[in-house]
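Inspection log for the structure reproduced underneath, given as structure tokens.
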Amino acid sequence: MPLDELRTALSQAVELDEPAIGTGPSAVFARADRVRTRQRLTMLVSGVAVLGVAIGAAALAVDRSGGASTTAQAPVVVSSAPTGPGPSPSPSPGGRRADVPGDVVLATLQRLLPAGVATSEPFSSPGFAEVILTDPAGRGKVQVNVQPHFAEPPSRRPVGDAPMDLFSCAKRGMPAGTRCTESTLPDGTLVVLTDGPSEDAGHNRIKLRMADVYRPDHVRIVIGTWNAVHEKTNTATRAEPPLTVQQLQAIATDPAWPV
């Protein structure tokens, strides 16, 4: 592939427009999946580009020597994969808020998980974090999203969007068979707990438990747990998600969350 095409592909991989974050139960974690896919694509294209540069340099060295082999070696370029997300973006001139850095969200999640469980495969991006949690019952996914300034001010919401409907079981969109409870804590925090089939999978084998919390300071914290490592497939890795809705509520309402 010509270098100019490689450059174009790499640019497209890095600069993919980020769709707006949805407010519904299935959309709230979608950005993490998009960011993960984009990072993998960027790494792949970067590796191909580096290989192309190395081959080009070697060919140029041979050409300049008149076709004879030379003792000089083409430089070896090592491309290392990114170790984590970059710094959280600053608010734009239009007033868009900056996300909470992903590494901070991940560290907070790991600190608040129950004692005695093992975690692996950590992933984070601005505002998001996930881990695979393992206990004697098997492996399952835990994912959290922190959204500062949720539903504030109304002028920033898409036309026709009603994000506060999420905190009413009667108005919240959920798969059939989902159990939902809503409550208001003494400090005014709204809490919705759900337990039922995962709508991402489209079947009843994958279960999702979720705590959706909206604090008086306009911060929304959503934490979900699945009885699967890959919740969009039909392969359950344990009978039930690894955390109860009560544990999810305790984690989501903990004051340790940075905003």
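Heavy-atom basis, side chains included; hydrogens, waters and symmetry copies ignored.
Two residues are said to be in side-chain contact when any heavy atoms from C-beta on lie closer than 4.5 Å; N145 and V105 fail this criterion. Counting heavy atoms from C-beta on, the side chains of W226 and T237 never come closer than 4.5 Å. Counting heavy atoms from C-beta outward, T189 and P216 have side chains that approach closer than 4.5 Å. Residues D212 and R220 are in side-chain contact: their nearest non-hydrogen atoms beyond the backbone lie under 4.5 Å apart. Side-chain contact between D195 and T178 is absent, with no heavy-atom pair separated by less than 4.5 Å. Taking 4.5 Å as the limit, every side-chain heavy atom of H230 sits out of range of all side-chain heavy atoms of T235.
Looking at residues two or more places apart in sequence or on another chain, you find a salt bridge (charged side-chain N to carboxylate O under 4.0 Å, His left out) between E240 and K207, R209. With sequence neighbours excluded, no residue forms a side-chain hydrogen bond (donor to acceptor under 3.5 Å, both in side chains) with T108.
To the nearest 0.5 Å, atoms OG1 (T134) and CD (E121) are separated by 8.5 Å. The line from CG of L109 to OG1 of T119 is 8.5 Å long, rounded to the nearest 0.5 Å. Rounding to the nearest 0.5 angstrom, the gap separating the CD1 atom in I221 from the CZ atom in F150 is 12.5 Å. Distance CG/L190 to OG1/T184: 5.0 Å, rounded to 0.5 Å. K141 NZ to F123 CZ: the interatomic distance, rounded to the nearest 0.5 Å, is 9.5 Å. Once rounded to the nearest 0.5 Å, the distance linking CD of Q247 with CD1 of I223 reads 10.0 Å.
Applying the salt bridge (charged side-chain N to carboxylate O under 4.0 Å, His left out) test to pairs two or more places apart or on separate chains, none has a residue in residues 243-259. Counting only residues at least two apart or in different chains, disulfide bond (SG atoms under 2.5 Å apart) contacts with residues 163-195 comprise C169-C180.
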Mind running side-chain contact (heavy atoms from CB on, under 4.5 Å) on W257 and V144 for me, showing each step along the way? CA-CA 11 Å; W257 289 105; V144 66; 3.8 Å; yes
Given the rule in the side-chain contact (heavy atoms from CB on, under 4.5 Å) test, do I251 and L243 qualify, once you have shown the distances and angles that lead to the verdict? CA-CA 10 Å; I251 293 172; L243 300 174; 4.1 Å; yes
Evaluate the criterion side-chain contact (heavy atoms from CB on, under 4.5 Å) for residue pair T225 and L248; output intermediate values, then yes/no. CA-CA 8 Å; T225 178; L248 294 175; 3.8 Å; yes
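When every heavy atom of R111 is checked against every heavy atom of A256, the shortest pair comes out as NH2-CB, 4.2 Å. Minimum interatomic distance between E182 and V192 (heavy atoms only, all atoms of both residues): CB-CG2, 4.0 Å. In plain terms, the two heavy atoms of P242 and V142 that are nearest each other are CG-CG2, 4.3 Å. Heavy-atom minimum distance, R139 versus S120: NH2-OG, 4.3 Å. Nearest heavy-atom pair across P197 and P175 is O-CG, 3.5 Å.
In this structure, I132 belongs to a hydrophobic cluster whose other members, linked by side-chain heavy atoms under 4.5 Å apart, are V229. Annotation for V213: hydrophobic cluster partners, listed by chain and number, are L185, V191, L193, V245 (ILVMFWY side-chain heavy atoms under 4.5 Å, direct or chained).
Within the 3.5 Å criterion, the main-chain N or O of A228 finds no donor-acceptor partner in the side chain of E231.
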